[in-house]
2 protein chains.
Amino acid sequence: MTATIRDRRHTAQKEAVRSALSAAGGFVSAGELHLRMSSQGHGIGLATVYRQLNALAENGHADTLLVPGGQLFRACEPGAHHHHLVCESCGTAVEIDPPDEDWIAASADRNGFTVTRHLVEVFGQCAECSEG
Amino acid sequence: MTATIRDRRHTAQKEAVRSALSAAGGFVSAGELHLRMSSQGHGIGLATVYRQLNALAENGHADTLLVPGGQLFRACEPGAHHHHLVCESCGTAVEIDPPDEDWIAASADRNGFTVTRHLVEVFGQCAECSEG
DNA sequence: ATGCGTGCAAACGATTTGCAGAGAA
DNA sequence: TTCTCTGCAAATCGTTTGCACGCAT
């Protein structure tokens, strides 16, 4: 039984998570976000961070990325297309232009697939991290 | 201390895992592979399945896909490019033609990124699953 | 007053690892 | 013989959930 948040009530924690996620700038894990919030005085529970993060992801206000070791979250605009350039060193993520969606559709057609979603992630080092 | 397999010794279990993975055809979880092997009489340990699967992935003989719920493995040729069309119903995966790699390089350049790897996964329903 | 969201701790499920024994080289 | 791989069980680790209480509505 998934105990998802119904998102009917406005709470301090919800705002705190939302703003902390935006402030993070890139992809962060739930645990790390909780850590940052805690060290800034917010006495929020880890479970609540998870619940709010999942709620944000469901509502389209955050997108997620699965990596070995867990799930990462990042603030985003609802409806945004999830194509990123992710820095493996600092976690910064940059939205990139829509790729050749026609190519995807064509490949799917050719194989008799009906596409429901697609994901493109490009990993590397951002300008700052590749210096020095 | 990661206790990775050094892959110096030829064992029955190694062969068993390799062939079971090939036989699976699509992406399978370690647990499911272990289950299939067990029900076919192979008395192999789950830990060994994990160890061999990870070894295969490291050597490039298997590629992996992270999904909510765990990691999936699939047999592949070393050096293969990891672009798939994955059926969300039956797990079948089809290799798709290389995408517009130039587009990726261009986007990266534009943002000052150095690309180390990229990942493209397209999810949907395969022909069989979308019928009836 | 009503009942949703929170916090804590316990529960979970996937994956990893310590250790002693089996088997390949 | 020597040293790697296996198997089992226990340990990890990220994440989810049960429950009682506080607070938004």
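Throughout, protein chains are lettered first and strands after them, A, B, ... in sequence-line order, and every chain is numbered starting at 1. No experiment lies behind these values; they were computed from the predicted model shown.
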> Specify the angle, to 10°, made by the local axes at the two ends of the helix from C:dA1-D:dT25 to C:dA25-D:dT1 when five pairs are taken at each end.
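Helix axis angle between the two ends: 30°.
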> Which atom pairs link the protein and nucleotides 8-14 of chain C when you take only N or O atoms and keep those under 3.5 Å?
none

> Would you mind listing the cluster partners of A:Tyr50? Hydrophobic ones only (ILVMFWY), side-chain contacts under 4.5 Å, chaining allowed.
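For the cluster that includes A:Tyr50, the remaining residues are A:Leu46.
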> Just grab all the salt bridge (charged side-chain N to carboxylate O under 4.0 Å, His left out) pairs involving residues 53-62 of chain B, residues at least two apart or on different chains.
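Every candidate salt bridge (charged side-chain N to carboxylate O under 4.0 Å, His left out) pair involving residues 53-62 of chain B fails, so no pair, neighbours aside, qualifies.
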> Please give, in whole Å, the distance from C:dG5 C1' to A:Leu53 CG?
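Taking CG of A:Leu53 and C1' of C:dG5, I get 16 Å after rounding.
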> Holding to side-chain contact (heavy atoms from CB on, under 4.5 Å), I want the full list of residues that pass it with A:Ala47, two or more places apart in sequence or in another chain.
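For A:Ala47 the side-chain contact (heavy atoms from CB on, under 4.5 Å) partners, ignoring immediate neighbours, are A:Arg51.
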> For A:Arg110, check side-chain contact (heavy atoms from CB on, under 4.5 Å) against everything at least two apart and list the hits.
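In terms of side-chain contact (heavy atoms from CB on, under 4.5 Å), with neighbours along the sequence ignored, A:Arg110 is linked to A:Ala106, A:Ser107, B:Asp97.
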> Are B:Arg9 and D:dC5 close enough that a side-chain N or O sits under 4.0 Å from OP1 or OP2?
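Checking B:Arg9 against D:dC5: no side-chain N or O falls below 4.0 Å of OP1 or OP2.
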> A:Gln52 CD to C:dC4 P: how many Å, rounded?
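Nearest whole value for this atom pair: 15 Å.
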> Report the distance from atom NE2 of B:His34 to atom P of C:dT15, rounded to the nearest whole Å.
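One finds 13 Å between P of C:dT15 and NE2 of B:His34, rounded.
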> For B:Arg8 and D:dC3, give me the distance from atom CZ to atom C1', rounded to whole Å.
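Value for this atom pair: 10 Å.
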> Which atoms form the tightest heavy-atom contact between A:Phe73 and A:Leu21, and what is the distance?
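That would be O-CD1, 3.8 Å.
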> Calculate the interatomic distance between B:Leu56 atom CG and D:dC5 atom P; express it in whole Å.
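The distance from CG of B:Leu56 to P of D:dC5 comes to 13 Å, rounded to the nearest Å.
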> Is B:Thr48 near enough to D:dG7 that one of its side-chain N or O atoms lies under 4.0 angstrom from OP1 or OP2?
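So the side chain of B:Thr48 is within the cut-off, an N or O lying under 4.0 Å from OP1 or OP2 of D:dG7.
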> Could you state the CE-P distance from A:Met37 to C:dT6, rounded to the nearest angstrom?
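Roughly 10 Å, once rounded to whole Å.
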> Tell me which pairs pass salt bridge (charged side-chain N to carboxylate O under 4.0 Å, His left out) where either residue lies in residues 64-76 of chain B, with sequence neighbours left out.
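Salt bridge (charged side-chain N to carboxylate O under 4.0 Å, His left out) check on residues 64-76 of chain B returns B:Arg74-B:Glu95.
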> Got a sec, which residues hit side-chain hydrogen bond (donor to acceptor under 3.5 Å, both in side chains) with A:Glu32, two or more places apart in sequence or on another chain?
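A:Glu32: side-chain hydrogen bond (donor to acceptor under 3.5 Å, both in side chains) contacts with A:Arg36.
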> Who pairs with B:Asp7 by side-chain hydrogen bond (donor to acceptor under 3.5 Å, both in side chains), at least two apart in sequence or on another chain?
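Counting only residues at least two positions away or on another chain, B:Asp7 forms a side-chain hydrogen bond (donor to acceptor under 3.5 Å, both in side chains) with B:Lys14, B:Asn59.
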> Which heavy atom in A:Val49 sits nearest to a heavy atom in A:Met37, and how many Å separate them?
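For A:Val49 and A:Met37, the tightest heavy-atom pair comes out as CG2-SD, 4.4 Å.
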> OP1 or OP2 of C:dT15 less than 4.0 angstrom from a side-chain nitrogen or oxygen of B:Asn54, does that happen here?
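For B:Asn54, the contact criterion (side-chain N or O under 4.0 Å from OP1 or OP2 of C:dT15) is not met.
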> Who are the side-chain contact (heavy atoms from CB on, under 4.5 Å) partners of A:Leu66, not counting sequence neighbours?
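Expected list: A:Gln71, B:Leu66, B:Pro68.
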> Holding to side-chain contact (heavy atoms from CB on, under 4.5 Å), I want the full list of residues that pass it with B:Thr114, two or more places apart in sequence or in another chain.
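B:Thr114 satisfies side-chain contact (heavy atoms from CB on, under 4.5 Å) with A:Gln125, A:Ser130 only.
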> Atom CG of A:Asp7 to atom P of D:dT25: distance rounded to whole Å?
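Computing the A:Asp7:CG to D:dT25:P distance gives 11 Å.
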> Can you tell me how far C1' of D:dT15 sits from CG of A:Leu72, to the nearest Å?
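The answer, rounded to whole Å, is 14 Å.
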> List in numerical order all residues of residues 10-21 of chain A for which some heavy atom is under 4.0 Å away from an atom belonging to DNA chain D.
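Nucleic-acid contacts, sorted: A:His10.
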